[in-house]
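Structure first, then comments.
Both backbone and side-chain heavy atoms feed into the values below; hydrogens, waters and symmetry mates do not.
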Amino acid sequence: MFKKLLLFTGMSSVLLVGACGSGEDSASTEDLSPGEELYQANSCMGCHGRALEGGTGPNLQDVGNRYTPDEIESIIVNGKGQMRGGLITDQEDLDTIVEWLSSQTEE
Ligand code: HEC
């Protein structure tokens, strides 16, 4: 009985490690730019839509025409209206997502 239990716990930790590894693989096969990855990973798309088309928050497909990179960064850091700030605090992540959003200039 005790032996069986040991065997079982041993197997399930192998299974857990395997599951983690494959989760990472499937995320990286989506082939997103780092900025878009941050956008999706930090719940921005919950309000602004998967393709920036808008939802609770405004459409961001032409946000690069309406704001300078500094303004976009300040909106993400400080929030605006219903949007709370501080969703992204890492400076490198901020630079990456601000650069990506600034390049969104389609109407
Ligand atoms: C809870 C919903 C919500 C989330 C999550 C959210 N936003 Fe917003 N966002 C809004 C709303 C609502 C506005 C409009 C605020 C206003 O003008 O009063 C806005 C405005 C903006 C603006 C300015 C757009 C404009 O036309 O004025 C930018 C840029 C922006 N959000 C980027 C982001 C990014 C990047 C993230 C993720 C880090 C994010 N948002 C997460 C709701 C959200």
| Distance (rounded to the nearest 0.5 Å) between Ile72 CD1 and Leu94 CG | 11.5 Å
| Okay, side chain of Asn65, backbone of Thr105: is any donor-acceptor separation there less than 3.5 Å? | yes
| Partner of Ile88 by side-chain contact (heavy atoms from CB on, under 4.5 Å), out of Ile76, Thr96, Val77 | Ile76
| Where the side chain of Glu36 meets the backbone of Ala51, is there a donor-acceptor pair that is under 3.5 Å apart? | no
| Within a strict 4.5 Å, meaning less than it, do heavy atoms of the Ile97 and Cys44 side chains meet? | yes
| remark: What one should report as the nearest heavy-atom pair of Glu71 and Arg66 is OE1-O, 4.1 Å
| request: Enumerate the residue pairs fulfilling ring-ring contact (aromatic ring centres under 6.0 Å, His included) with a member in residues 32-60, sequence neighbours excluded, ordered by first and then second residue. | output: Tyr39-Trp100
| How about Gln82: does its CD atom have over 12 heavy atoms from other parts shown lying under 6.0 Å from it? | no
| Linking I/L/V/M/F/W/Y whenever their side-chain heavy atoms sit closer than 4.5 Å, directly or via other members, would Leu60 and Met83 fall into one cluster? | yes
| Which heavy-atom pair separates Glu53 from Arg50 by the least distance, and what is that distance? | OE1-N, 3.5 Å
| task | Using side-chain contact (heavy atoms from CB on, under 4.5 Å) as the criterion, point out the one residue from Ile75, Asp62, Val98 that pairs with Tyr67. | result | Ile75
| field | Pairwise distance CG(Leu101) to CD(Glu73) - rounded to 0.5 angstrom | value | 11.5 Å
| Interatomic distance, Gln40 atom CD to Met45 atom CE [nearest 0.5 angstrom] | 4.5 Å
| request: Determine the minimum heavy-atom distance between Gln104 and Leu52, stating which atoms define it. | output: OE1-CD1, 3.4 Å
